[in-house]
Number of protein chains: 2
Amino acid sequence: MRRDVFQAIADPVRREIIDILSESELSVNEVAERFEISRPAISKHLKILDECGIVSIAKRGRERFCYVNHQNLIPAFLWVEKYHKQWEKRINSFEEYVNQLRNKKDRNE
Amino acid sequence: MRRDVFQAIADPVRREIIDILSESELSVNEVAERFEISRPAISKHLKILDECGIVSIAKRGRERFCYVNHQNLIPAFLWVEKYHKQWEKRINSFEEYVNQLRNKKDRNE
DNA sequence: TTTATATGTAATCATTTAGTTACACAACTG
DNA sequence: CAGTTGTGTAACTAAATGATTACATATAAA
């Protein structure tokens, strides 16, 4: 069973959990209330997020409060970010191309 | 069947395919040669990458050449990048903490 | 035209995933 | 103490995933 940040953020429910917990720390039930699926399903998602370090769970009384450790998203960030320049190049050359078309059009008017 | 960039890059083989094709455009067989798994398996991975726009496949003769469209990684980049500041804050405060310790130690020496 | 090569795809399979319900148990509340 | 609440987990299920082998087809080469 793979358990890494890429697999963790592949699931839309888990991404939403991360989004929600980034707003405020919540108990397991408070997280589950925000979704249609059952509480055990959310519990499992939280376990997966916990296992790859993205979420930590702190016991306080009978509740468990969950919070995000954003720094564990860094490996995913770095992998994608290394292609940043390449899509910027593309977008710039697209903009250049559009500008060329615009200028040509302007000259023809 | 979900087919989005997050699901596409969740698989390590697909990430490696993206890495390899970022170096140079390759035919399907040339991609497959670089992996232990069978050619049809690679074919399927390429199909998935194609379906979510990350890889395009151009027929030339009997070969099909594959190349990456990096701009289709942007949605994944944006989702992760929005937490950039939060882990930077963390890292900065860690560095601050380390510096405090250092200064304290310096004063004690 | 025959043969070889490059590739896609169908059929199949084992494993993983994401969900469910039912139950156990610890910790608050009255 | 008895009941309620918050949560984990086991058992189960359907669907998705990632791989394989076997076969079909198109194109190039002899």
Side-chain angles (χ1 to χ4, degrees), chain A residues 1-21 24-69 72 76 79, chain B residues 1-21 24-69 72 76 79:
Chain A
M1 166 185 20
R2 237 182 327 116
R3 191 109 313 169
D4 60 36
V5 57
F6 293 98
Q7 183 263 346
I9 66 172
D11 186 276
V13 171
R14 286 195 290 270
R15 285 199 302 281
E16 205 176 332
I17 290 177
I18 294 170
D19 288 336
I20 287 172
L21 289 178
S24 63
E25 185 177 305
L26 293 174
S27 73
V28 173
N29 268 349
E30 287 170 334
V31 174
E33 276 166 18
R34 285 164 167 78
F35 292 87
E36 292 297 293
I37 61 177
S38 70
R39 191 204 32 87
I42 294 296
S43 228
K44 280 189 194 173
H45 282 304
L46 285 169
K47 196 179 178 185
I48 290 169
L49 290 169
D50 178 39
E51 278 168 12
C52 65
I54 298 177
V55 159
S56 290
I57 304 176
K59 194 175 168 182
R60 279 212 293 279
R62 63 187 157 185
E63 287 171 292
R64 275 142 207 274
F65 285 88
C66 312
Y67 56 94
V68 185
N69 298 124
N72 287 315
W79 187 84
Chain B
M1 165 185 24
R2 239 180 327 116
R3 191 110 312 171
D4 60 37
V5 58
F6 293 97
Q7 183 261 347
I9 67 173
D11 187 274
V13 171
R14 286 196 289 270
R15 285 200 303 280
E16 205 176 332
I17 290 177
I18 294 170
D19 289 335
I20 288 173
L21 289 178
S24 63
E25 185 177 307
L26 294 173
S27 72
V28 173
N29 268 349
E30 286 169 333
V31 174
E33 275 166 19
R34 285 164 166 77
F35 293 86
E36 292 296 292
I37 61 176
S38 70
R39 189 199 41 81
I42 294 295
S43 227
K44 280 190 195 172
H45 282 304
L46 285 170
K47 196 178 178 186
I48 289 169
L49 290 168
D50 178 38
E51 279 169 10
C52 63
I54 298 177
V55 160
S56 290
I57 304 176
K59 194 175 168 183
R60 279 212 295 278
R62 62 185 159 184
E63 287 169 293
R64 274 142 207 272
F65 285 88
C66 312
Y67 56 94
V68 185
N69 297 125
N72 287 314
W79 187 84

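Reminder, nothing fancy here: chain letters follow the sequence lines and each chain counts from 1.
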Considering only side-chain heavy atoms of H45(A), which listed nucleotide, dG8(C), dA18(C), dT7(D), is closest?
dA18(C)
Take atom [atom1] of [X] and atom [atom2] of [N], then tell me their distance rounded to the nearest Å.
| X | N | atom1 | atom2 | value |
| --- | --- | --- | --- | --- |
| L26(B) | dA6(C) | CG | P | 14 Å |
| F35(A) | dT7(D) | CZ | C1' | 17 Å |
| L49(B) | dG18(D) | CG | P | 11 Å |

Can you check whether [X] has a side-chain N or O nearer than 4.0 Å to OP1 or OP2 of [N]?
| X | N | answer |
| --- | --- | --- |
| S43(A) | dG8(D) | yes |
| Q7(B) | dA16(D) | no |
| S27(A) | dG6(D) | no |
| N29(A) | dT7(D) | yes |

Contact class for R14(A) vs. all strands (heavy atom < 4.0 Å): base, sugar-phosphate, or nothing?
sugar-phosphate
Residue mapping more 5' on DNA chain C - nearest nucleotide basis, A10(A) or G61(A):
A10(A)
Sequence neighbours excluded - side chain to side chain donor-acceptor pair (under 3.5 Å) pairs with any residue from residues 34-51 of chain B:
R3(B)-E51(B), R14(B)-H45(B)
Enter the distance from C66(B):SG to I54(B):CD1 here, rounded to the nearest 0.5 Å.
13.5 Å
Which letters describe nucleotides 20-26 of chain C, given B = protein heavy atom under 4.0 Å from base, S = only from sugar-phosphate, - = neither?
BBB----
